[in-house]
Structures are given as structure tokens and as C-alpha cells.
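Side-chain atoms are counted along with the backbone in the values below, which use heavy atoms only and exclude waters and symmetry mates. So you know, we letter chains A, B, ... as the sequences are listed, proteins then strands, and number each from 1.
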Amino acid sequence: MPTSAFSDKVYEIVKMIPRGKVMTYGQVALLLGLPRAARAVGWTLHWVVDDGRIPCQRVVNRYGGLAAGYGWGGQETHRADLEAEGIEVRPDMTVDLERYQWWPSAADLAALQLPPEVLEELNQKLEFSREQLSRSKATLRGRVKRKQTEINP
DNA sequence: ATATTGACCAGTT
DNA sequence: TAACTGGCCAATA
């Protein structure tokens, strides 16, 4: 398992993720203050020993996809570790980000002391997440409404 | 010191 | 959420 200033910070962020929630590699990179270091985050996590000290199962890719190179068992092991904490893994080996993705609280963010330009990027992403959520809720409402119309024409 | 690798990402087609 | 490109970053398999 690599030990460096960089990897220590990665572990610190990953340990913030609550049980039953996930973050993406890009999110972790952003919270490190290095918005484009997602790949390096994945590289570091690749070396993590799956002994439960670092909940690396709670990190997935931008689509919610599980890691092919996870531990020795690959995606199967990753799936088992996620299901062990109640996270549903879909047949295509992804998790529903709208349901499980976690962002730190405002207080947590303040503690990270991120530079202004990173905070700006963070805000944009949060904004985007909110839009996606409201879009999906609107879709759901539409479905429910159509269903009701079918039942009570 | 340079080239290569990888649990990635965003944009385009 | 497909396939592909170019870019990114840390460590060197």
C-alpha cells in the first residue's frame, strides 16, 4: 500500500464517506483540491489492502460503475463489499448514484480549506447534481400521473 | 531524466 | 451507461 502525502490525503477523504454511501473518483480528487487527479486517486486505491481500514468500496466511477481491478476478486469482491453495507448493485455492475452518492456537509468542506477556484468547481457540480435529481423526480411524477390517469380515466 | 501505466474524466460523434 | 479522443496526475508493476 503506497504511503505518501498524496495517498494519505486520499485515505483521509475516503474515510469521510458514511457507511451505505459512495463518492466518485472525481469527487475525491476535487475534495483533495486536485480536480483533475481522478486517475491518480484510482491508482492509489488500487494498492489498498482490503482489510476494512479504508472503505475503498465506497468509491466508484462517474457512472457508478464498480472497479474491475478491485482487490483480487475484481468487481465481484467490490459488489460483495458494497452489498455487505446495504448498497444495491445493479446487474450491470453499477450503483444508483442518485440514491447513494454522498457529498460532505458545509462544515466538512470548510475544514478542508479548499482554494476558491476548487470551491467554484465544486458548486457547479453540486448544482448539476441537484438538476439531475429534480429532473429524475419530475420524470417519476410524470410516470405516477400517467399511471393514475390509466387507472382513473 | 523520460516513457509508461492505470479501480479516471469530459467532450464529441 | 456506446466508442473514441485527448487530457490529467502520481508512481514506476
* Candidate pair A/C56 and A/Y11, rule side chain to side chain contact (heavy atoms under 4.5 Å, CB included), full reasoning -> CA-CA 8 Å; A/C56 60; A/Y11 303 152; over 6 Å; no

Side-chain heavy atoms under 4.5 angstrom apart, residues restricted to Ile, Leu, Val, Met, Phe, Trp, Tyr: same cluster for [X] and [Y]?
{"X": "A/I17", "Y": "A/V60", "answer": "no"}
{"X": "A/V59", "Y": "A/L32", "answer": "yes"}
{"X": "A/L31", "Y": "A/F6", "answer": "yes"}

Heavy-atom distance under 4.5 Å between the side chains of [X] and [Y], does that happen here?
{"X": "A/E88", "Y": "A/R99", "answer": "yes"}
{"X": "A/L109", "Y": "A/W103", "answer": "no"}
{"X": "A/V95", "Y": "A/R90", "answer": "no"}

* **chain A contact limits on DNA chain C, taken 5' to 3' with a cut-off of 4.0 angstrom to heavy atoms** =>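 From 5' to 3', the first and last contacting nucleotides are C/dT1 to C/dA13.
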
* To do: Take A/S4 and A/R36, find for each the nucleotide of DNA chain C with the closest heavy atom, and name the residue whose nucleotide sits nearer the 5' end.
  =>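 The residue closer to the strand's 5' end, by nearest nucleotide, is A/R36.
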
* **Watson-Crick or G-U pairs under 3.5 Å in DNA chain C, rendered as dot-bracket with [ ] for crossing pairs and | for another strand** => .||||||.||||.

* Asked: Taking the side chain from A/Q27 and the backbone from A/Q101, do they hold a donor-acceptor pair closer than 3.5 Å?
  ->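 Checked: no pair found.
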
* Asked: Got a donor-acceptor contact below 3.5 angstrom from the A/E85 side chain to the A/G20 backbone?
  ->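 Yes, because the side chain of A/E85 sits within donor-acceptor range (under 3.5 Å) of the backbone of A/G20.
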
* Annotated protein contacts, base or backbone, on nucleotides 7-13 of chain B with a non-hydrogen cut-off under 4.0 Å, one of B, S, - each -> BBSB---

* Taking atom C1' in both C/dT12 and B/dT2, compute the distance separating them and give it to the nearest angstrom. =>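 Those two atoms are separated by 12 Å.
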
* C/dC8 and B/dG6, which share atom name C1', separated by this distance in whole Å ->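 Per the computed distance, 12 Å lies between those C1' atoms.
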
* **A/V28: which of A/M16, A/M23, A/K9, A/E12 passes side-chain contact (heavy atoms from CB on, under 4.5 Å)** =>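 Going through A/M16, A/M23, A/K9, A/E12 one by one, the side-chain contact (heavy atoms from CB on, under 4.5 Å) with A/V28 is satisfied by A/M23 alone.
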
